[in-house]
J.: 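Just dropping this structure here.
Bear in mind the structure is a predicted one, so any value in this text is a computation, not a measurement.
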Amino acid sequence: MNMATFTFPFFLSLLLLPLFSLLTFAAENTTGTIGINYGRIANNLPAPEKVVALLKSQGINKVKLYDTDAAVLTALANSGINVVVALPNELLSSAANDASFADKWVQANISQYHPQTQIEAIAVGNEVFADPNNTTKFLVPAINNLQSALVKHNLSSSIKLSSPIALSALQNSYPPSSGSFKPDLIEPAIKPLLDFLSKTSSYLMINAYPFFAYEANADEISLDYALFRTNQGNVDSGNGLSYNSLMEAQLDAVFAAMSALGYDDVKLVVTETGWPSNGDENEIGAGKANAAAYNGNLVKRVLTGGGTPLKTKDPLNVYLFALFNENQKPGPTSERNYGLFFPDEEKVYDIPLTLAGLNGAQSNPANESKAQVPTTAPSSGNTWCVANANAGEEKLQAALDYACGEGGADCRSIQEGSTCFNPNTLEAHASYAFNSYYQKKARGTGTCDFGGAAHVVAQPPRYGTCDYPTGY
């Protein structure tokens, strides 16, 4: 809409808009996918059949495993769930040194189940470069032998091969434009891996945990920046791009590292990311509220479309870690508390995992207790809701339409000739409408979000001479 023709009758027509108008922009963008990691280092988890039922009840149609357990793969058959399986690190040397082993492994663990079980990829090893057993040298030979086996069994066109790498494979990651791989990994492993991925149109699997970076640098990294919440952002001094989330900065560092080696065509999939809901006293940032904020905001970020600042047109495809809290995992308390669900299938915290759930949460933001994780703390004192200038015109317009239409905001003051018409800009008008909605909803948690198009401020907004109310 041209703001110069912004008139009151236009708002009357908005009353006829459908309830989901707020998220119309999402359908027009290329959206990413949300999957989940199904780890089983525990002695109290539900049977695989019950797990499959749980996944389907939550609308999750992508799952990643850490092995090829027969009971799990059988339970997933004919479920409509796409599956990533894994060849564990301890089998890498056998798969690398013996082509017949790789062939038999594919026969026993892949072709026996596929396509009834929709296996779409094999993760060859896991964070091999960080494996204390020094299995790096086996990675690419193992992948090549497995690829030959897939070709032999006519599976190479439907099943991709890759290997999840940790961010510790990077020598530099800040600023993102300076991203580079560790020199000792490049020739023996990174370049051959990327060459394979490029030739087979596969993708690099990345395990990215902003929690670890925040925990180690909490005095330097904003928690809001780590949790996808509204923040001032960071500008990359190398390329001038602005970053509003730590994860996107991490991913662009990997893109930059691949580009430096000449592999701009290789895509990324985040095969692990999450935030612990509990931790030891020294694990700064661990906790249920932060875990809910991180995963909830990440899901929203993925499902509303768009890529990273460096790769804006590449959708974000993410596997959350993890489905369950796993009580037998070693290490600090956080390791046993990454699950979205307790072993009894009760939710650790409630977040939408699908676009339908997200639409439902945002169509009624004042009632988010069952559907939406708060993205800001409950308001106290005088606070205002203003437009997020980085959201883009399309998103701001859709949110403005909703606020003044279905949302019931008082938008009379921003019609032409009224007190708050000037400045006649989309950001100024959207800010007024968002704040009206926010104040009418008693500044309730979650009522200043609008799909990431708005955020709360503690200082009175300044747009011309317009006064912004603090209550109705």
J.: I'd like to know if the side chain of N207 reaches the main chain of Y209, judged simply by a donor and an acceptor atom lying under 3.5 Å from each other, with no hydrogens or angles considered.
T.: no

J.: Quick one: closest heavy-atom pair of Y432 and C420, and the distance?
T.: CE1-SG, 3.7 Å

J.: Mark yes or no for whether H429, through its side chain, and F421, through its backbone, hold a donor-acceptor pair below 3.5 Å.
T.: yes

J.: Can you measure from NZ (K311) to CG (L251) and round to the nearest 0.5 angstrom?
T.: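 If I round to the nearest 0.5 Å, the distance is 12.0 Å.
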
J.: So Q459 and W384, do their side chains get closer than 4.5 Å, heavy atoms only?
T.: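 No, their side chains stay 4.5 Å or more apart.
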
J.: Please determine whether the number of non-hydrogen atoms from other residues, nucleotides or ligands lying under 6.0 Å from atom NZ of K191 exceeds 12.
T.: no

J.: Using a 3.5 Å distance criterion without hydrogens, assess whether the side chain of N390 forms a donor-acceptor pair with backbone atoms of N388.
T.: no

J.: Name all pairs fulfilling the salt bridge (charged side-chain N to carboxylate O under 4.0 Å, His left out) condition that reach into residues 239-267, sequence neighbours left out, sorted by first residue then second.
T.: E248-R301, K267-D314

J.: With a 3.5 Å distance limit and no angle check, can you tell me whether N325 reaches the backbone of G339 through a side-chain donor-acceptor pair?
T.: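 Yes, because the side chain of N325 sits within donor-acceptor range (under 3.5 Å) of the backbone of G339.
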
J.: Do any N or O atoms from the side chain of Q415 and from the backbone of R412 form a donor-acceptor pair under 3.5 angstrom?
T.: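 Confirmed, Q415 side chain pairs with R412 backbone.
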
J.: Could you tell me whether Y66 atom OH has more than 12 heavy atoms of other residues or ligands within 6.0 Å of it?
T.: yes

J.: Show your reasoning for whether side-chain contact (heavy atoms from CB on, under 4.5 Å) applies to Q58 and K347.
T.: CA-CA 11 Å; Q58 298 299 312; K347 292 182 178 181; 3.6 Å; yes

J.: CZ/F129 to CG/L193 distance, rounded to the nearest 0.5 angstrom?
T.: 6.0 Å

J.: Please check: side-chain N/O of T273 versus main-chain N/O of A208, any donor-acceptor pairing under 3.5 Å?
T.: yes

J.: Would you compute the distance between atom NZ of K64 and atom CD of E120 and round it to the nearest 0.5 angstrom?
T.: 12.0 Å

J.: Would you check if P46 and F324 make a side-chain contact, meaning some heavy-atom pair closer than 4.5 Å?
T.: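 SC-SC contact between P46 and F324 confirmed.
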
J.: Between atom SG of C385 and atom OH of Y437, what is the distance when rounded to the nearest 0.5 Å?
T.: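 It is 10.0 Å, given to the nearest 0.5 Å.
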
J.: Answer yes or no: is there a donor N or O on one side and an acceptor on the other, between the side chain of S57 and the main chain of L54, under 3.5 Å?
T.: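 Judged by distance alone, yes, a pair lies under 3.5 Å.
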
J.: Hydrogens and angles aside, do Y463 and T425 bring a side-chain donor and acceptor to less than 3.5 Å of each other?
T.: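 No pair is found: no donor N or O on one side chain lies under 3.5 Å from an acceptor on the other.
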
J.: Minimum heavy-atom separation for G59 and T354, please, with both atom names.
T.: O-CG2, 3.5 Å

J.: May I have the step-by-step check of side-chain contact (heavy atoms from CB on, under 4.5 Å) for I81 and I60, ending in yes or no?
T.: CA-CA 7 Å; I81 297 173; I60 298 171; 5.9 Å; no

J.: Does any N or O in the side chain of K182 come within less than 3.5 Å of the main-chain N or O of S168, such that one atom is a donor and the other an acceptor?
T.: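 Judged by distance alone, yes, a pair lies under 3.5 Å.
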
J.: In a table with atom names and distances, give each donor-acceptor pair under 3.5 Å that connects a side chain of residues 211-223 to protein atoms at least two apart or in another chain.
T.:
from, atom 1, to, atom 2, distance (Å)
N217, ND2, A213, O, 3.0
S222, OG, D224, N, 3.2
S222, OG, Y225, N, 3.3

J.: Can a donor-acceptor pair be found, under 3.5 Å and without considering hydrogens, that links the side chain of D236 to the backbone of G238?
T.: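 Looks like yes, one N/O pair under 3.5 Å.
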
J.: side-chain contact (heavy atoms from CB on, under 4.5 Å), that's the test. Do V457 and Y468 meet it? Break it down for me.
T.: CA-CA 12 Å; V457 295; Y468 282 64; over 6 Å; no

J.: Mind checking the CG-CD1 spacing from L204 to I165? Nearest 0.5 Å is all I need.
T.: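 Between atom CG of L204 and atom CD1 of I165 there are 4.5 Å.
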
J.: Flag the pair L161 / T200 as yes when at least one side-chain heavy-atom distance between them is below 4.5 Å, and no otherwise.
T.: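 Answer no - side chains too far apart.
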
J.: Just verifying a value: how many Å separate I159 CD1 and S202 OG, rounded to the nearest 0.5 Å?
T.: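 Here the rounded value is 11.5 Å.
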
J.: Within a strict 4.5 Å, meaning less than it, do heavy atoms of the L323 and L45 side chains meet?
T.: no

J.: Is L241 close to L310 at the side-chain level, that is, under 4.5 Å between some pair of heavy atoms?
T.: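 Yes, their side chains come closer than 4.5 Å.
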
J.: What pair of heavy atoms forms the shortest contact from S163 to V128, and how long is it?
T.: OG-CG2, 4.2 Å

J.: Evaluate the side-chain proximity of L396 to E393: yes if any heavy-atom separation is below 4.5 Å, no if none is.
T.: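 No, their side chains stay 4.5 Å or more apart.
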
J.: Please report the closest heavy-atom contact between T271 and N37, naming both atoms and the distance.
T.: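 In terms of heavy atoms, the two residues are closest at O-ND2, 2.9 Å.
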
J.: Please lay out, stage by stage, how N435 and V386 fare under the test side-chain contact (heavy atoms from CB on, under 4.5 Å).
T.: CA-CA 6 Å; N435 185 65; V386 298; 5.9 Å; no

J.: Heavy atoms, side chains only, cut-off 4.5 Å: are E283 and P332 in contact?
T.: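 When only atoms from C-beta onward are counted, P332 and E283 do touch, with a gap below 4.5 Å.
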
J.: Of all heavy-atom pairs between M205 and I122, which one has the smallest distance, and what is that distance?
T.: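 Minimum heavy-atom separation between M205 and I122: CE-O, 4.3 Å.
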
J.: Quick one: are L316 and L298 in side-chain contact, heavy atoms under 4.5 Å?
T.: no

J.: For N317 and Y203, test the side chains for any donor-to-acceptor distance below 3.5 angstrom and give the result as yes or no.
T.: no

J.: State, to 0.1 Å, how close G452 and A391 come at their nearest heavy-atom pair, and which atoms those are.
T.: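 Closest approach of G452 to A391, heavy atoms only: O-CB, 4.0 Å.
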
J.: When you measure from the side chain of S277 to the backbone of A291, do you find a donor-acceptor pair of N or O atoms at a distance under 3.5 Å?
T.: no

